[in-house]
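Please read the structure below before turning to the comments.
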Amino acid sequence: MKELIREEVRGMKRYVAGKPVSEVKRELGLTQVVKMASNENPWGASPRVKEAVVRTLSDISRYPDSGSFGLRAALMAKTGVPMEKIFAGCGSDSLIKVISATFLRPGEEILMGEHSFSRYEDNALLMGARVVKSPMPQGFLDLPDMLTRITDKTRIIYLCCPNNPTGSAFGKAQFEAFLLHVPERVVLVLDEAYREYVTREDYFEALDYLPDHPRLIVLRTFSKAYGMASLRVGYGFAQEELVEAFQKVMDPFLVNLFAQEAAVAALEDEDFLRHVQEENRKGKAYFYEELQALNLPYVPSEANFVLFDTGRDDLEVFQALLRKGYIVRPGSYLGLPGFLRVTISTMEDNRGFFEALRQVLEGVVSKNTQTRR
Ligand SMILES: *Cc1c(COP(=O)(O)O)cnc(C)c1O
């Protein structure tokens, strides 16, 4: 049987998603479980999104508009980017696949950060491409280092900003310096899945660079700040010629009707987005306070999650937290042993989490004390 499967597929790893609440409840016999593992929005989605979904039920038997016209028009109205340069897919996950299939020939290379979004790698491997990784000291993409790793084979560079799983982001000056040195034959994908959460003042508007950088592709999503992860809708901006190519590669009805209608409704509710941003900001400040009090080093975050070093076996801490009803993301699954990535949640859940973490840390031996013995 194995020979039937393409070598490229055999070389891929399966994506390990955050544990679902229902599974943890069932397995551990818990009634109260809080998921802070998948960077989902703890404030849900806008009431307008829910109304749109209900309203659309009457058309459940219809195919969706394959061109996502209404959604792209709404995105044009919001951003000023012409519709011909906008594309949408079934989550930005699906768009990463479309981009990989459009550009990557076997033996070519993608370039990405060492601790960045794993889907770039998996989709590159699927196309028979090689993956080149740049080290990320302190959890930050090292843009000058990335430039030194560009070869004749480099086809796509992925910049995840803010970066998942570290939460770090670079600013305008760094981005501009990088853009200046990316060769014409390389596609630059800027994945801004967490853009709405950025608080650093020197952040940039990526769309401003589209006219002068024809190989720049910007990806965004409704899954995080808009709270629509279940509906699966992501979108992007690129030159018309590239968008036309993507449209050929995409499955024709990639964005379902509910997702299209809901996304348009989400864009109309700016108050909801502001509320989410404000609450996330407060939660992040609280995370920093608690982590400092616990003496646990963390990566400053521009997203809705914080990556920190437990100084212990993260899988042990993860399991102990699970037993207390808190699902988080262990660093070992992300190539960052010792670390945990935790989604910023409501203040009630944040407080509960840190209470549980304090208790857990007392029980799990620190790596430092172990080595000293
Ligand atoms: C969550 C995430 C995505 C994908 O989100 P979709 O739900 O597929 O739109 C893309 N990139 C990064 C870095 C993410 O964290």
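First listed ligand is number 1; within each ligand, the first listed atom is number 1.
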Determine, stepwise, if the pair F287 / F308 fulfils ring pair (Phe, Tyr, Trp, His ring centres under 6.0 Å). CA-CA 10 Å; F287 263 60; F308 59 90; 7.4 Å; no

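Protein heavy atom nearest atom 11 (N) of ligand 1, with residue, atom name and distance: D191 OD2, 2.6 Å. The protein atom (non-hydrogen) at minimum distance from atom 4 (C) of ligand 1 is S92 OG, 3.3 Å. The nearest heavy-atom contact from the protein to atom 15 (O) of ligand 1 is Y194 OH, 2.6 Å. With respect to atom 7 (O) of ligand 1, the closest heavy atom belonging to the protein is S223 OG, 2.5 Å.
F222 does not count as a contact of ligand 1, since none of its heavy atoms falls under 4.0 Å from the ligand. Heavy atoms of A229 come nearer than 4.0 angstrom to ligand 1 in no pair at all.
Within ligand 1, the atoms closer than 4.0 Å to a non-hydrogen atom of N164 are 13 (C), 14 (C), 15 (O), numbered from 1 in the order shown. For ligand 1 and R232, the ligand atoms under 4.0 Å from any heavy atom of the residue are 6 (P), 7 (O), 8 (O). Taking every non-hydrogen atom of C160 and a distance limit under 4.0 Å, the qualifying atoms of ligand 1 come out as 13 (C).
In this model, no donor atom of one side chain and acceptor atom of the other lie less than 3.5 Å apart for T56 and D59.
Taking every heavy atom of both residues into account, R105 and R155 meet most closely at NH1-NE, 3.5 Å. Shortest non-hydrogen contact noted between V328 and P330 is O-CD, 3.5 Å. Nearest approach of L322 to L30, heavy atoms of both residues: O-CD1, 3.3 Å. Contact between M83 and R72 at its shortest, heavy atoms only, is O-NH2, 3.0 Å.
Two rings, from Y194 and F305, have their centers less than 6.0 Å apart.
Between K224, E40, R119, it is K224 that holds the heavy atom closest to atom 3 (C) of ligand 1.
Using a cut-off of 4.0 Å between Lys/Arg side-chain N and Asp/Glu carboxylate O, R130 and E108 are scored as not salt-bridged.
Between T221 and ligand 1, an N or O atom pair is found at a separation short of 3.5 Å.
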